[in-house]
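Presented below is the structure to which this report refers.
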Amino acid sequence: MPVRDLLRTSSKLSPFQPRYEHLLLLVCVLGTALPLGVDCNPSAENHQNNGTQKKAFPVLSFDYLHVRLPFEIALWILLASLMKLGFHLIPRLSNIVPESCLLIVVGLLVGGLIKVVGEDPPVLDSKVFFLCLLPPIILDAGYFLPIRAFSENTGTILMFAVIGTLWNSFFMGGMLYAVCQIPGTGLENVGLLPSLLFGSIISAVDPVAVLAVFEEIHINELLHILVFGESLLNDAVTVVLYHLFEEYAGVGSVTFMDVFLGVICFLVVSLGGIFMGILYGLIAAFTSRFTPHTRVIEPLFVFLYSYMAYLSAEVFHLSGIMALIACGVVMRPYVEANISHKSHTTIKYFLKMWSSVSETLIFIFLGVSTVAGPHQWDWTFVGCTLLFCLVSRVLGVIGLTSIINKFRIVKLTTKDQFIIAYGGLRGAIAFSLGFLLDKHHFPMRDMFLTAIITVIFFTVFVQGMTIRPLVELLAVKKKQETKRSINEEIHTQFLDHLLTGIEDVCGHYGHHHWKDKLSRFNKKYIKKCLIAGERSKEPQLIAFYHKMEMKQAIELVESGGIPKIPSAVSTVSMQNIKPKRALPQLSKGKEEEIRNILRSNLQRTRQRLRSYNRHTLMADPYEDAWNQMLIRRQKARQLEKRMTNYLTVPANHPDSPTMMRSRLSSDPQGYSLKLNSGNVPAIVVDPATPQSPESMKLLDESSKPGEEDQGIVMRAKLPESSRTDDNVFPPGEDSPKEQRLIRCLSDPGPPPEEEKDDEYQAFLN
Amino acid sequence: MGCNGSTLAKIHNLDELILETGFSSSHICRLYDRFHALDKDDKGSLNRSDFQNISELAVNPLGDRIINAFFPDGMDLIDFNSFVRILARFRPVDQNPKKEPNAPEPINSRVNKLKFAFQLYDQDKDGKISKNELLQVLRMMLGVQVTEEQLESITDRTIQEADLDGDNAISFKEFKKSLDKVDIEHKMSIRFLR
């Protein structure tokens, strides 16, 4: 039945799949070899027969019905994931066709096969969709929402979301009603209210489709946030309009009072949803304050509270999407300050995994439902729907932009407008809402569904496929890949203060003023409540700086021996670094020292996701870095004998971590800068100089690596030199960099917190 | 508080001001009203204490520097025209500038905005942001929560990152370059001044 067909399908569709999949199929087929329509239950039979006749004890029995539901669910998810795998094995295909299109095609094929066999293909159940498939995607989007871009463009986004959607709905509904009234089309039974209802369903831009398509084209952040923000925030409008028209379509008329109540309802729905989200977000943040001793379940809190926010909002028919977004946004800064690094990674990976699987399933089911669903094709209706969709979107965007541009500092160009209009994709939400319609109240429901599916197909296939070449053709600005430098961070903060001051001089309470007030309030009251311990007082700049230093330290460690430093941690992907499994043996004492030093000097990294690309996951720097560091230690020890006294290697090379550690443990006074000769002071370490006994041990084994290493930028003095460091500037333009890094690493940083012990212990073990 | 002819008439060289700063007359009117609201003693010009009376500036970490920026060349009083000229820098950039080949750079161009910001860093006006100046600014912004060593290392790191010619200070060119990716036209504009 469905299972067997699925298996057959997957084997047919993907001839390029590696062999293991065929093995899997074989196993599955063998496991479900017997006809599944049978209600066979051997154990029950045996009970019956016991009284009459003794049968042989069943050594192997088959009982599929027992596990049927979870089995099929798992199989569907497996199919979805294997499809995803398959697509990326065919690089040419995935460059031309967006993944969502391919998944819909797969769904079509699967549905077709199921139908051919004679079974009823499963339809995308609206309840499953809204309660299980949609929340992970929205949470993923909300948790990683770029706040700065979003808050700077909030006005624009709200305009598009609210006014744009209203315009689309009424325009579409009205025009369709007009068309239906034309005698001869056979559609006279489509009343005004059903038309408006249909308009409201079809007019909403879908976040799932937008995410799926836009994230592949890497468009610049402004356009991305505009279209995506619009798709998220129009949920409230859609909910209200849908309920309003659905309620009253049965009655047949809408009075002015109803409209007025509708407006109130809209405010309640959106603000209520946001409030619900904020409430749960604050509770989640507060809870995370107490989790230092139970790190393992930290991610669970994040997921559960967010899901509860969504469900609670749905209880009151508020906007669940807005609740989810608000919860994620509010929760994030505080939770991230409280939880461990590993929990953070877990949350990130789980969210991406779930949202990815959800998205895949949604598109596949969309395809299957197309085959399954009851259809009623009407050329006029469908054609007009499509036409009016496009027209209303274009008109809406142009009209709104002309109003918005009066208030924007950086205006939207025609190119921007085109992309915004073109990016208005419809998706599964529209289908699900249409599916929820009651057949009795809406006899033309099948026609609606057909039209909705046609529009979805058109937008996803045609618009989705052509948007990439269009973006190239129009030379729209792409996303900037580089990370922020500390310069940018400092100057941006500086400018924030400056602009706030100027606004105050002008007496104008603008954007900066309120942002400043909010951050002041945040620092004074909220952070104290919600963030545990010392971290609540840490200024953002310091956190950023430490994160940066950490990243660079790890980069330098990883690049030791390689001529170039990778420019960003993200380039050091899992594929590039193969962690060497053979770790050198360290004595317990050394390990303890290393741990102490690391603990007191390194801060944990906050991998803030700066861009939206859902497929790019950064490697966990700790794991690889640690392995690499240990390897290098051993290498350094080995090369101890072959050092030269004077080794100046100007290169982009890091100091070996062992040297860094040795310096850290020795007398910090010795490292103060003395501007002596030369432009730039440098630090010189005397490896053989007896300093503290502790450091002596480390120094012995840490040495300057030999010539082949090319990794040390410093000068070694002969043993009889003085205790303190000399400051002589070695030639080489990059050595200052390392020296500064070294100095930075010697920076004590904020006092270490006790939870770090657990984390590092756990990590090191 | 209306923008009428009499208000405009009180302003010297109105046309010249409009031409130079690019403000419209309604903007200038509004600024004039604000100028007078700040000018408690009605002397027709502002001194430092008038600025210090603005309560929000007192909590702003860069408050003093901003006030000093309004008093160039060590003067103690500022008249309306200079007031407007300084604020003109924060006008949003014109989308389609009419480019005459010999026309001077408009006062609110990106370069001029950056120059203004640079001047706030560079107190001794030697054209470079030295380590000490940067350190002072960071201290003002980060307050007492940060240790000296941290500040030092941040400063060193910042200079090292931006410094291209190796003089251990940030010149205006380097400053401009380090802010290449930041949308200055957006960041350093006030919507009010349209």
Side-chain angles (χ1 to χ4, degrees), chain A residues 152 222 406-411 413 480 482 484-508 510-513 516-517 520 537-539 541-542 545-546 548-549 552 673 679-680 733 736-737 739-741 743-750, chain B residues 30-31 34 37-38 51 54-57 59-63 65-67 70 87 90 92-93 95 116-117 120-121 134 137-138 140-143 145-147 149-150 152-154 156-158 160-162 166-168 170 175 178-179 181-194:
Chain A
E152 279 174 8
L222 173 68
K406 295 205 182 70
F407 298 98
R408 278 184 68 91
I409 296 179
V410 175
K411 320 253 181 241
T413 64
Q480 310 210 318
T482 52
R484 278 166 87 89
S485 66
I486 188 134
N487 265 281
E488 279 178 17
E489 190 71 26
I490 291 182
H491 296 319
T492 318
Q493 249 197 14
F494 180 84
L495 290 177
D496 277 335
H497 287 302
L498 170 63
L499 265 286
T500 312
I502 298 285
E503 276 184 2
D504 294 326
V505 167
C506 289
H508 167 60
H511 184 73
H512 288 97
H513 178 90
D516 191 58
K517 268 209 155 84
R520 224 184 282 276
K537 295 202 211 74
E538 189 178 70
L541 198 62
I542 298 295
Y545 173 70
H546 279 293
M548 244 188 115
E549 286 298 303
Q552 174 147 59
L673 284 176
N679 309 335
V680 182
E733 66 280 19
K737 201 185 202 176
Q739 312 298 12
R740 284 188 173 80
L741 173 67
R743 255 177 278 126
C744 298
L745 282 177
S746 69
D747 169 20
Chain B
R30 255 180 274 165
L31 288 172
R34 177 65 181 170
L38 289 174
F51 279 99
I54 307 174
S55 49
E56 290 91 354
L57 270 188
V59 279
N60 193 323
L62 300 176
R65 293 223 172 176
I66 298 175
I67 296 175
F70 276 92
L87 288 179
F90 295 95
V93 176
Q95 285 294 70
F116 187 81
L120 283 180
Y121 272 107
L134 191 57
V137 170
L138 278 178
M140 289 194 310
M141 288 207 295
L142 294 175
Q145 303 136 323
V146 183
T147 62
E149 294 108 357
Q150 274 181 306
E152 288 254 354
S153 30
I154 296 180
D156 290 326
R157 168 73 188 227
T158 311
Q160 169 229 321
E161 209 181 59
D167 57 356
N168 205 25
I170 306 181
F175 181 73
S178 68
L179 286 176
K181 298 193 200 75
V182 178
D183 190 4
I184 296 289
E185 290 90 340
H186 186 142
K187 218 160 161 54
M188 284 191 73
S189 303
I190 299 188
R191 215 166 289 205
F192 174 66
L193 310 173
R194 195 161 313 280

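Quick note: numbers below take in every heavy atom, side chains included, and nothing from hydrogens, waters or symmetry partners. Here is how names work: the chains are called A, B, and so on, in the same order as the sequence lines, proteins then strands, and each is numbered from 1.
Both the backbone and the side chain of B/Val59 come within contact range of chain A, each with at least one heavy atom under 4.5 Å from a heavy atom of that chain. Of the two parts of B/Ile184, only the side chain, counted from C-beta on, holds a non-hydrogen atom closer than 4.5 Å to a non-hydrogen atom of chain A. For A/Leu495, the part lying near chain B is the side chain, with the backbone staying farther off; criterion is any non-hydrogen pair under 4.5 Å.
At least one side-chain heavy atom of B/Ile170 sits under 4.5 Å from a side-chain heavy atom of A/Asn487.
Taking chain B as the reference chain and counting heavy-atom pairs below 4.5 Å, the highest number among A/Glu152, A/Arg520, A/Lys517 is found for A/Arg520.
A donor-acceptor pair under 3.5 Å is formed between the side chain of B/Asn60 and the backbone N or O of A/His497.
The aromatic rings of B/Phe90 and B/Phe116 sit perpendicular, their planes meeting at an angle over 60°, well past the 30° parallel limit.
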Evaluation steps, side-chain contact (heavy atoms from CB on, under 4.5 Å), between B/Ile54 and A/Val505: CA-CA 7 Å; B/Ile54 307 174; A/Val505 167; 4.2 Å; yes
